[in-house]
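Take a look at the structure below.
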Amino acid sequence: MVVERTQVAIIGAGPAGLLLGRLLARAGIDAVILEARSREYVEARIRAGVLEQGTVDVLRAAGVGDRLDREGLRHGGIYLSFDGARHHIPMDELTGGRAVTVYGQTEVVKDLIAARLAEDLPLRFETEDVRIDGFEDPGLGRPTVRYRHGGEEHELRAEVIAGCDGFHGVCRRTVASQVRISERTYPFAWLGILVDAAPATDELIYARHPEGFSLYSMRSPAVSRLYLQVAPEESIENWSEDRIWSQLHARQDGDGFAVNEGPITESSVTPMRSFVAAPMRHGNLFLAGDAAHIVPPTGAKGLNLAVADVTVLARALASHFDEGDDRPLETYSDRCLARVWRAQHFSWWMTTMLHRDPAEDAYGAELALSQLRYVVSSRAQATALAENYVGLPLERTAGPGPARIHAAEAVDG
Ligand code: FAD
Ligand code: DHB
């Protein structure tokens, strides 16, 4: 048995765990990161692509923004397509110059792994059978993480455990009897493809169409990323390349505009769900990112919420370790959940407005279209979409808690 000590045991090397490790290292706090998968697997897992302004700021301040600044694509707007026409939402103009950056989650993860390994800080891939214990009552023993690695049993004794192990991880499961779950499932999924072709659009196009939702996104000037609404539990085997392209053309083309085809290098189907497990703190276990909450991808919020959680957590842990001030840890869950619920509502709203529910009647379809027409014709509605999409400032939604946010906003004007 190998016994080791650290201040923070981080479970999971997705964006949440890796960024938390980075922020703690910058604050002089020790951490060990344990990841179930291999480095190759984690670096190749294609997922999010849209970073909020605040996420970019955090990555830059953490010293991992160089490649992001060189290769990321700044987008000051998006298009909404419906009723056979495309409408531009000028997010930068509506939000006083804020924008999103298109930069793949794979690249964020690669940058964070490279930075951690360059400093020779502990990051263990392919850990097996991770079990957590001793975090519930700080009076009764210390948080312990047991796991297998390289054929040996390990015991990691920590002061705090950060559960950054995603939706299917072990941390939330360990406290399952103590969490309050709020959730929605949706009667559709997303089929995503990565394509070696220049995007035919300068900004993302979210399209509602009688055949279903589609999204035209990108990863670089030479790589497109596209999504199609499909049935839940849909098998990718049912979707030939011809069928994918014909549906993308049907849902996106028009007015002389056409999706640009090319070789498909990756394809997969992602289920859609909304999910919140509260609270996010259980004794000395802190849940962060997808381990605590999931949003449907339509609002591009999942990765950004993970970044917001660990930014709040890293600051709170620095107060705890450096100043002995536990108040920020005590409010961690409430502050994160305030932001999480704003993103939950925004993601649910974007999803229901843009997708075709297979059971939708004429009334439901007209409501969604009316909402879209209102968004593209009212500056107030477009601004509401834009400020949520580019991301509300951390201190406004991860502030003092729901009751006092209104007061803070009133002061902000
Ligand atoms: P994860 O990335 O899931 O990382 C958790 C890590 O923990 C994984 O590496 C996992 O292997 C590891 N792990 C699990 N169990 C264990 C265990 N027992 N022991 C050790 N390690 C374990 N979000 C956006 O913001 N913008 C977007 O544009 C966007 N688009 C998306 C598109 C798709 C198709 C998908 C699937 C998601 C998208 N998201 C988007 C969501 C985003 O990808 C997630 O919210 C994000 O990955 C959450 O990061 P995380 O670190 O919390 O969790
Ligand atoms: C991407 C994913 C999203 O969920 C979204 O809303 C926008 C873009 C993407 O993968 O590029």
Side-chain angles (χ1 to χ4, degrees), residues 9-21 33-39 41-52 55 73 75 78 100-106 108-109 112-113 123-132 145-149 162-174 189-194 199 203-206 213 215-220 223-227 266-273 275 287-310 340 343 346-347 350-351 354 389 391:
I10 302 176
I11 318 298
L18 288 166
L19 178 60
L20 179 62
I33 307 182
L34 305 178
E35 165 59 48
R37 302 286 193 160
S38 68
R39 179 179 181 182
Y41 183 93
V42 170
E43 290 190 342
R45 195 166 41 194
I46 310 287
R47 284 184 164 181
V50 174
L51 308 184
E52 292 176 2
T55 297
L73 309 171
H75 282 199
I78 57 168
V100 296
T101 298
V102 173
Y103 188 69
Q105 179 169 331
T106 44
V108 174
V109 163
L112 285 164
I113 290 175
L123 166 54
R124 314 234 156 90
F125 291 101
E126 299 179 76
T127 56
E128 294 171 89
D129 197 19
V130 169
R131 288 144 287 155
I132 59 171
V145 184
R146 296 189 178 82
Y147 63 101
R148 263 197 322 280
H149 189 237
C164 302
D165 50 347
F167 187 66
H168 300 287
V170 66
C171 292
R172 192 187 66 252
R173 223 183 311 133
T174 306
W190 276 18
L191 186 161
I193 58 169
L194 201 61
E203 290 174 343
L204 273 57
I205 307 170
Y206 289 83
F213 169 78
L215 169 60
Y216 203 152
S217 180
M218 62 196 72
R219 285 292 176 273
S220 74
V223 176
S224 304
R225 176 81 171 146
L226 297 112
Y227 296 97
E266 194 263 356
S267 58
S268 57
V269 175
T270 307
M272 310 263 280
R273 67 154 50 87
F275 178 95
L287 300 175
D290 279 17
H293 41 75
I294 296 278
V295 284
T298 325
K301 287 288 158 241
L303 167 61
N304 294 295
L305 282 179
V307 167
D309 287 353
V310 297
V340 165
F346 177 65
S347 306
M350 288 283 279
T351 299
L354 284 159
Y389 194 88

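Along the sequence shown, residues are numbered consecutively beginning with 1. Both ligands and their constituent atoms are indexed starting at 1 by order of listing.
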Worksheet item: Okay, side chain of Asp309, backbone of Gly289: is any donor-acceptor separation there less than 3.5 Å?
Response: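 Here the side-chain-to-backbone pair exists.
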
Fill in: Donor-acceptor contact below 3.5 Å, side chain Arg173 vs main chain His168
yes

I need the contact type for [X] against ligand 1. Using non-hydrogen atoms and a strict under-4.0 Å cut-off, is it side chain, backbone, both or neither?
X: Cys164; result: backbone
X: Thr270; result: side chain
X: Ile11; result: side chain
X: Lys301; result: backbone

Item to complete: List the steps, then state whether salt bridge (Lys or Arg N to Asp or Glu O under 4.0 Å) holds for Arg37 with Glu43.
Response: CA-CA 10 Å; Arg37 302 286 193 160; Glu43 290 190 342; over 6 Å; no

Check ligand 1 against [X] and write out every atom of the ligand that is under 4.0 Å from a heavy-atom position of the residue.
X: Tyr227; value: 32 (C), 34 (C)
X: Gly169; value: 15 (N)
X: Asn304; value: 25 (O)
X: Gly12; value: 6 (C), 7 (O), 12 (C), 21 (N)
X: Gly289; value: 52 (O)
X: Leu34; value: 20 (C), 21 (N)
X: Gly166; value: 3 (O), 5 (C), 53 (O)
X: Val170; value: 18 (N)

Which protein heavy atom lies closest to [atom], and at what distance to 0.1 Å?
atom: atom 10 (C) of ligand 1; result: Glu35 OE2, 3.5 Å
atom: atom 4 (O) of ligand 1; result: Gly14 CA, 3.4 Å
atom: atom 4 (O) of ligand 2; result: Pro297 O, 2.6 Å
atom: atom 47 (O) of ligand 1; result: Gln105 NE2, 2.8 Å
atom: atom 51 (O) of ligand 1; result: Ala16 N, 2.9 Å
atom: atom 1 (C) of ligand 2; result: Tyr227 CE1, 3.8 Å
atom: atom 17 (C) of ligand 1; result: Ala36 CB, 4.1 Å
atom: atom 28 (O) of ligand 1; result: Gly49 N, 3.3 Å
atom: atom 45 (O) of ligand 1; result: Asp290 OD1, 2.7 Å
atom: atom 5 (C) of ligand 2; result: Tyr206 OH, 3.3 Å
atom: atom 40 (C) of ligand 1; result: Ala48 CB, 3.0 Å

Within a strict 4.5 Å, meaning less than it, do heavy atoms of the [X] and [Y] side chains meet?
X: Val130; Y: Asp165; value: no
X: Thr270; Y: Tyr227; value: no
X: Met350; Y: Lys301; value: no
X: Tyr147; Y: Val170; value: no
X: Thr298; Y: Ser347; value: no
X: Glu266; Y: Arg225; value: yes
X: Thr55; Y: Val108; value: no

Just which atoms of ligand 2 are under 4.0 Å from any heavy atom in [X]?
X: Leu204; value: 7 (C), 8 (C)
X: Ala300; value: 5 (C), 6 (O)
X: Val50; value: 7 (C), 8 (C)

Worksheet item: What are the two closest heavy atoms between Ala16 and Ala306, and how far apart are they?
Response: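 Between these two residues, the closest heavy atoms are CB-CB, 4.1 Å.
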
Pairwise distance [atom1]([X]) to [atom2]([Y]) - rounded to 0.5 angstrom:
X: Glu52; Y: Leu305; atom1: CD; atom2: CG; value: 7.0 Å
X: Leu191; Y: Ser268; atom1: CG; atom2: OG; value: 7.0 Å
X: Tyr41; Y: Glu126; atom1: OH; atom2: CD; value: 12.0 Å
X: Gln105; Y: Arg45; atom1: CD; atom2: CZ; value: 7.5 Å
X: Ile132; Y: Arg146; atom1: CD1; atom2: CZ; value: 11.5 Å

Worksheet item: Measuring from the heavy atoms of Arg219, does anything fall under 4.0 Å of ligand 2?
Response: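 True for this residue.
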
Quick one: look at [X] and ligand 2, take heavy-atom pairs under 4.0 Å, and tell me if it's side chain, backbone, both or neither.
X: Ser217; value: side chain
X: Arg47; value: backbone
X: Trp190; value: side chain
X: Thr298; value: backbone

Quick check: [X] and ligand 1, any N/O pair under 3.5 Å apart?
X: Ala291; value: no
X: Leu303; value: yes
X: Ala300; value: yes
X: Arg47; value: yes
X: Pro15; value: yes
X: Gly302; value: yes
X: Phe167; value: no

Discussion item. Please confirm whether Arg45 approaches ligand 1 to less than 4.0 Å, judged on its heavy atoms.
Written reply: yes

Item to complete: Please verify whether a non-hydrogen atom of Tyr41 lies at under 4.0 Å from ligand 1.
Response: no

Practice prompt. Start with the C-alpha distance between His75 and Leu204, add both sets of side-chain angles, then the distance that settles side chain to side chain contact (heavy atoms under 4.5 Å, CB included), and finish with yes or no.
Written response: CA-CA 8 Å; His75 282 199; Leu204 273 57; 3.6 Å; yes

Discussion item. Check the orientation of Tyr206 and Tyr389. Use parallel for under 30°, tilted for 30 to 60°, and perpendicular for over 60°.
Written reply: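 Geometry flag for Tyr389 against Tyr206: perpendicular rings.
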
Practice prompt. Could you give me the CA-CA distance, side-chain angles and deciding distance for Ile78 and Glu203, then say whether side chain to side chain contact (heavy atoms under 4.5 Å, CB included) is met?
Written response: CA-CA 5 Å; Ile78 57 168; Glu203 290 174 343; 5.6 Å; no

